Amino acid sequence: MTKKLVLVDGNSIAYRAFFALPLLNNEKGVYTNAVYGFTTMLLKVLEEEQPTHMLVAFDAGKTTFRHDTFKEYKGTRQKTPPELAEQLPLMRDLLKAFNIPYEEVENYEADDIIGTLAGLAADTGWEVKIFTGDKDLLQLIGENTEVALTRKGITNVDTYDLKALDEKYGLKPEQIIDLKGLMGDSSDNIPGVPGVGEKTALKLLAAHGSLEGVYENIDAVSGKKMKEKLVENEEQAKMSKKLATILTEVPLALKPDEVPLGEKDTEKILKLFRELEFQSLVDRVDPEGKSGGEEELDGIDVKIAEKLDESMLISPSALVIESLDENYHTAEVIGAAIANENGVFYLSPELLWSSPEFKEWAADEKKEKIVFNAKRAVVGLAWKDIHLEGITFDAQMASYLIDPGASSHEMAEIAERRKGRQVHRDEAVYGRGKKQQVPEEEILAQHLGRKAAAVLDVKPDLEKELKENEQLELLTELEMPLTVILGRMERHGVAVDKEELAKLGESLTERLTEIEKKIHDLAGTDFNINSPKQLGEVLFEKMQLPAMKKTKTGYSTSADVLEKLQNKHEIIPEILHYRQLSKLNSTYIEGLIKAIHQKTGKIHTRFNQALTQTGRLSSTEPNLQNIPIRLEEGRRIRHAFIPSEENSFILAADYSQIELRVLAHISQDKNLLEAFRHDMDIHTKTAMDVFEVEKEAVTSQMRRQAKAVNFGIVYGISDYGLSQSLGITRKEAQSFIDKYLESYPGVRDYMESIKEEARQKGYVTTIMNRRRFLPEITSRNFNQRTFGERTAMNTPIQGSAADIIKKAMVDMDEAMQKAGVESVMLLQVHDELIFEVPEKEIKQMSRLAAEVMENTVDLDVPLKADVDYGKTWYDAK
DNA sequence: TTGTTCACGC
DNA sequence: GACGTACGTGAACAAA
């Protein structure tokens with residue numbers, strides 16, 4: 001078998017990784033982004049290349065033999081950032097654990113080590129592949145040698161062999177140094193010939209072969225200026241070529257034979273991964289989960305309960321109710337565990353369902369329960385007619401509030417990060433996907449018992465952290481009560497008119513068939529319109545329409561691209577219409593019908609209360625927070641959402657401009673405060689300010705643009721985002737933003753100070769002390785940093801609005817109980833609440849909803865809620 | 001199964 | 001000037 005040597009330019013890859021990834025750090029504050037990127041690249045190389053031999057080369061000291069030639073070599077290089085420098089030793093530790101040889105040689109660069117070994121190996125007929133981010137190394141390409149250049153990110157590479165190099169540049173490997181000699185390299189401070197860039201250099205080399213060739217034929221060079229430049233800088237060019245030449249004769253003690261790829265030390269690697277918190281990489285080195293401490297965990301004493309007795313049902317106790325299917329509305333409970341000062345107990349489902357003692361204990365709100373994911377437990381039991389009350393602490397919610405951006409809020413992770421009993425990952429116990437199954441009782445009892453015990457262990461730590469962050473109230477007064485309300489809403493479900501959905505579906509299917517035929521006729525070929533690939537080929541190859549944008553995989557066929565082609569061909573509007581209707585049919589008609597619950601005939605969504613980075617809720621299976629409303633055709637879907645009781649109505653109460661009101665409050669901008677105090681139409685007001693016109697002179701076009709600007713402020717979009725949504729240039733978009741900030745100087749000040757605060761503290765907060773960490777705000781990567789800045793500006797606005805409506809839900813629930821109404825809260829859609837309301841309560845509830853929502857917090861501007869109702873959701877507008 | 005593209009809401 | 005640009009959910013397709 002031929003041997004294969006992989007050579008990695010360690011410094012180059014480390015740099016790439018460092019700048020490509022946000023500035024991650026582990027709990028101890030050690031930066032890890034470059035190590036992470038470096039490691040993912042290593043894993044990919046090992047998997048894909050299967051080398052027999054391998055070496056990672058590093059640069060040694062500051063000066064090399066090249067500095068003897070040119071002392072300013074790499075003179076413009078900025079010093080290695082300390083955040084990266086501290087990561088380099090970690091990379092070596094990992095290489096040791098992987099048993100991958102690495103090398104650095106005093107006075108030489110990594111390039112030269114690579115060049116030397118590559119030469120030796122290729123000469124003896126080995127296959128050689130080099131990984132780097134530095135184009136210089138292309139000069140090493142040969143019959144047996146390929147160079148992989150990092151493209152985007154770190155693991156994306158372009159591989160060059162002789163043919164690819166010729167196709168791309170029309171060059172042979174040895175001409176790369178001639179190229180550098182002519183054009184120079186600013187990053188290495190190699191001067192080259194001033195005025196000669198890549199284009200010119202390639203042209204010269206195509207004509208004359210080499211740098212020397214150019215000078216031998218200097219008279220043949222066209223352009224007087226160019227000739228002068230070349231002549232003037234001949235020495236410099238030749239020196240540049242020399243600098244760019246990679247040495248293939250480094251006095252190395254090493255021969256290719258001496259760098260065999262060793263057997264990796266999985267234990268050691270996993271230990272490092274744990275320290276660095278590279279959870280996502282664990283599977284890739286240890287797919288079977290053989291090591292990694294899974295069976296290192298001490299056995300704990302879990303009693304498998306035959307029957308329930310009082311010692312198990314005390315207060316406080318940690319309670320775990322386990323079900324495997326994500327969807328707890330339909331999942332089977334597979335077991336439960338209770339942990340308290342009397343011990344740890346496993347309870348089988350049969351025992352749970354058959355014992356009145358459990359039911360009674362569960363329903364007793366004075367019996368304090370501590371859980372992990374309260375809503376899952378509450379709703380899971382509710383389906384079995386067991387009321388779970390008295391939950392005082394949810395470890396998952398606590399973890400989410402402490403850091404919504406944490407990589408995971410599963411129990412194993414929470415336990416690992418805090419001092420507490422360690423817990424196996426659910427996936428390790430139950431498997432995943434198709435292979436997921438309930439283990440034998442002994443193992444299940446251990447796992448659940450361990451979880452319950454860990455919940456108990458971890459509670460004081462989490463509570464302490466929350467207290468320090470002044471977030472305990474956020475948990476106990478807002479999120480925990482809200483969990484109960486959401487659980488009830490989910491279990492209650494929303495009634496739908498299945499026949500109405502079916503009817504809409506039939507009409508859609510009919511129309512889709514028609515449009516499909518029309519499109520096929522216009523295209524002159526039958527193809528799958530839903531396939532972006534096929535559609536792209538038909539439009540941009542067969543029909544030769546101008547392609548505006550490309551995606552990774554081909555032509556972009558997104559709506560904004562197609563809209564620009566509207567007038568080019570009559571097929572375009574048909575495709576857009578087809579897309580629209582097909583979306584309605586598959587996602588909404590078919591999706592909603594599939595989601596109707598067998599037993600209740602209603603739709604039971606799940607609100608995820610511990611997911612979004614801003615504090616908003618999300619909704620799944622089905623998502624009832626994105627039911628169409630903007631276009632009439634889609635809006636009709638709302639006809640199918642109906643009250644579950646006769647003589648009831650759907651009532652919708654939505655906040656008017658809550659985010660901008662919140663902005664007025666936090667920024668204290670005088671102009672914005674005034675606008676809301678006078679209850680002005682905010683988009684018109686913004687138009688007046690941005691375009692400097694009187695109210696009467698605001699055109700609908702101006703108002704539309706102003707609305708987009710406000711939208712941008714609320715959602716933290718960039719000038720680019722604004723330009724896209726308005727179809728204007730980025731410059732124009734930026735000038736709108738500038739104009740806006742001029743008109744609202746208080747907002748500008750707020751934006752500046754919140755960014756500074758984020759840089760100082762590393763996080764931002766909402767009015768109710770919700771947090772979001774923004775480590776990327778100090779990143780040197782432009783994208784990462786500006787993203788962090790926009791997030792810093794936006795999260796307090798969006799997150800505070802989320803806080804407010806959550807509090808309104810808690811207050812509303814209380815007010816409804818106090819009023820003794822039969823009305824039920826059904827849904828929350830970020831800034832609106834949906835209820836079903838008996839006819840006799842319409843007036844009362846309309847008043848109550850507005851009253852509660854408007855007064856749930858006291859801001860420096862009034863809050864406004866609009867209420868409407870009707871026989872269906874469609875009519876409640 | 002996993003990633004990509006597209007589209008819906010706020 | 002590069003980089004690739006609000007978040008979240010879900011469907012269909014295409015490539016593993």
Side-chain angles (χ1 to χ4, degrees), chain A residues 16 19-21 151-153 404 432-435 527-536 549-562 575-576 578-592 594-595 605-608 611-631 633-635 637-638 654-655 657-659 708 710-725 730 733 772 776 779-795 797-799 801-802 805 827-832:
Chain A
R16 282 304 271 247
F19 288 107
L21 297 171
R151 194 173 37 184
K152 258 183 226 157
R432 210 178 61 156
K434 241 186 160 176
K435 283 180 276 180
F527 66 101
N528 183 349
I529 307 164
N530 281 323
S531 159
K533 188 168 167 247
Q534 293 182 35
L535 180 63
K549 211 164 64 178
K550 283 225 166 193
T551 64
K552 259 180 240 182
T553 47
Y555 307 102
S556 169
T557 64
S558 62
D560 63 309
V561 170
L562 296 188
I575 291 169
L576 287 165
Y578 182 91
R579 279 250 180 90
Q580 190 205 336
L581 299 189
S582 135
K583 169 80 178 173
L584 291 177
N585 205 29
S586 60
T587 305
Y588 297 104
I589 302 293
E590 288 170 12
L592 287 174
K594 263 187 267 172
T605 186
R606 288 175 352 261
F607 290 105
N608 197 334
L611 185 139
T612 69
Q613 301 303 299
T614 55
R616 276 186 171 189
L617 301 176
S618 76
S619 156
T620 54
E621 281 187 86
N623 180 355
L624 294 184
Q625 291 183 320
N626 72 344
I627 303 301
I629 189 165
R630 265 184 46 248
L631 302 170
E633 274 181 311
R635 192 172 194 157
I637 304 275
R638 293 180 176 227
D654 70 299
Y655 276 115
Q657 303 299 344
I658 186 167
E659 281 97 351
N710 282 328
F711 179 86
I713 299 283
V714 166
Y715 289 113
I717 62 173
S718 56
D719 54 353
Y720 176 84
L722 182 62
S723 75
Q724 288 296 300
S725 68
R730 212 159 114 176
R772 179 171 186 180
E776 64 270 37
S779 167
R780 262 157 305 268
N781 177 311
F782 176 86
N783 286 321
Q784 305 281 354
R785 187 177 62 251
T786 52
F787 174 70
E789 289 171 351
R790 293 203 304 277
T791 315
M793 299 186 275
N794 160 251
T795 297
I797 303 172
Q798 211 188 105
I805 192 161
L827 297 171
Q828 187 249 49
V829 190
H830 308 309
D831 64 354
E832 69 175 323

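Chain letters run A, B, ... following the sequence lines, proteins first, then strands; residues in each count from 1. Keep in mind that this is a model prediction, so the values were computed, not measured. These values consider heavy atoms only, across backbone and side chains, with no hydrogens, waters or symmetry-generated copies.
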Stepwise side chain to side chain contact (heavy atoms under 4.5 Å, CB included) check, A:Phe711 with A:Leu722: CA-CA 9 Å; A:Phe711 179 86; A:Leu722 182 62; over 6 Å; no
C:dG8 phosphate, OP1 or OP2, under 4.0 Å from A:Ser619 side-chain N/O: no
Touch class at under 4.0 angstrom, heavy-atom based, for A:Gln798 against every strand present: nothing
Touch class at under 4.0 angstrom, heavy-atom based, for A:Phe787 against every strand present: sugar-phosphate
Under 4.0 angstrom between A:Gln613 side-chain N/O and C:dA6 OP1 or OP2: no
Any A:Lys435 side-chain N or O less than 4.0 Å from OP1/OP2 of B:dT1: no
d(CG, A:Asp831; C1', C:dC7) in whole Å: 14 Å
Nearest heavy-atom neighbours spanning A:Val714 and A:Gln798: O-NE2, 4.3 Å
Separation of C:dT9 P from A:Arg616 CZ (nearest whole Å): 12 Å
Sugar-phosphate only, base, or nothing, as touched by A:Leu584 at under 4.0 Å among non-hydrogen atoms: nothing
Below 4.0 Å: OP1/OP2 of B:dG9 and any side-chain N or O of A:Arg630: yes
Sugar-phosphate only, base, or nothing, as touched by A:Asn528 at under 4.0 Å among non-hydrogen atoms: sugar-phosphate
Quiz item: cation-pi between A:Lys550 and A:Tyr555, 6.0 Å / 45°: yes
Nucleotide B:dG9, atom P - distance to OH of A:Tyr655 in whole Å: 23 Å
Between N or O atoms, less than 3.5 Å apart, protein on one side and nucleotides 4-7 of chain B on the other: list the pairs.
unit_1: B:dT5; atom_1: OP1; unit_2: A:Thr551; atom_2: OG1; d: 2.9
unit_1: B:dT5; atom_1: OP1; unit_2: A:Lys552; atom_2: N; d: 3.2
unit_1: B:dT5; atom_1: OP1; unit_2: A:Thr553; atom_2: N; d: 3.4
unit_1: B:dT5; atom_1: OP1; unit_2: A:Thr553; atom_2: OG1; d: 3.0
unit_1: B:dC6; atom_1: OP1; unit_2: A:Thr557; atom_2: N; d: 2.6
unit_1: B:dC6; atom_1: OP1; unit_2: A:Thr557; atom_2: OG1; d: 2.7
unit_1: B:dC6; atom_1: OP1; unit_2: A:Ser558; atom_2: N; d: 3.3
unit_1: B:dC6; atom_1: O3'; unit_2: A:Arg579; atom_2: NH1; d: 3.1
unit_1: B:dA7; atom_1: OP1; unit_2: A:Arg579; atom_2: NH1; d: 2.8
unit_1: B:dA7; atom_1: OP2; unit_2: A:Ala559; atom_2: N; d: 3.0
unit_1: B:dA7; atom_1: N3; unit_2: A:Lys583; atom_2: NZ; d: 3.1

Sugar-phosphate, base or nothing in reach of A:Glu621, heavy atoms under 4.0 Å: sugar-phosphate
Touch class at under 4.0 angstrom, heavy-atom based, for A:Arg606 against every strand present: nothing
A:Ser586, nearest nucleotide to its side chain (from C:dG8, C:dA11, B:dG9): C:dA11
Base paired to C:dA2 (Watson-Crick or G-U; both N/O distances under 3.5 angstrom): none
Between C:dG4 and B:dC10 - C1' atom distance, rounded Å: 23 Å
A:Gln534 vs A:Phe782, nearer the 5' end of DNA chain C by closest nucleotide: A:Phe782
Atom-to-atom span, CG of A:Asn783 to C1' of C:dA2 - whole angstrom: 9 Å
Interatomic distance where NZ belongs to A:Lys533 and P belongs to C:dA12 [whole Å]: 19 Å
Protein-nucleotide distance (A:Tyr588, atom OH; B:dG9, atom P), rounded to Å: 6 Å
Minimum-distance pair of heavy atoms, taken over all atoms of A:Val829 and A:Leu624: CG2-O, 4.1 Å
Expected output: side-chain A:Thr795 to main-chain A:Ala792 donor-acceptor under 3.5 Å: no
Nearest-neighbour nucleotide for the A:Ser531 side chain, C:dA6, B:dG9, C:dC13 considered: C:dC13
Pair listing, salt bridge (charged side-chain N to carboxylate O under 4.0 Å, His left out) test, anchored in residues 622-631 of chain A, at least two apart: none
Among C:dT9, C:dA12, C:dA2, the one nearest A:Asn530 by side-chain distance: C:dA12
Length of the line joining A:Asn608:CG and C:dT9:P, which is rounded to integer Å: 7 Å
Rounded interatomic separation in angstrom, taking CD1 from A:Ile717 and P from C:dC7: 12 Å
Sugar-phosphate only, base, or nothing, as touched by A:Asn794 at under 4.0 Å among non-hydrogen atoms: nothing
Heavy-atom pair of closest approach, residues A:Tyr588 and A:Asn626: OH-O, 2.6 Å
Nearest to side-chain heavy atoms of A:Thr587, which nucleotide of B:dG9, C:dA11, C:dT9: C:dA11
Close side-chain approach of A:Thr605 to A:Leu827, heavy-atom, < 4.5 Å: yes
Touch class at under 4.0 angstrom, heavy-atom based, for A:Val829 against every strand present: sugar-phosphate
Sequence-distant partners of A:Glu590, salt bridge (Lys or Arg N to Asp or Glu O under 4.0 Å), two or more places apart: none
OP1 or OP2 of C:dT9 under 4.0 Å from side-chain N/O of A:Ser618: yes
Sugar-phosphate, base or nothing in reach of A:Thr612, heavy atoms under 4.0 Å: sugar-phosphate
B:dT5 to C:dT5 separation - P atoms, rounded to the nearest Å: 11 Å
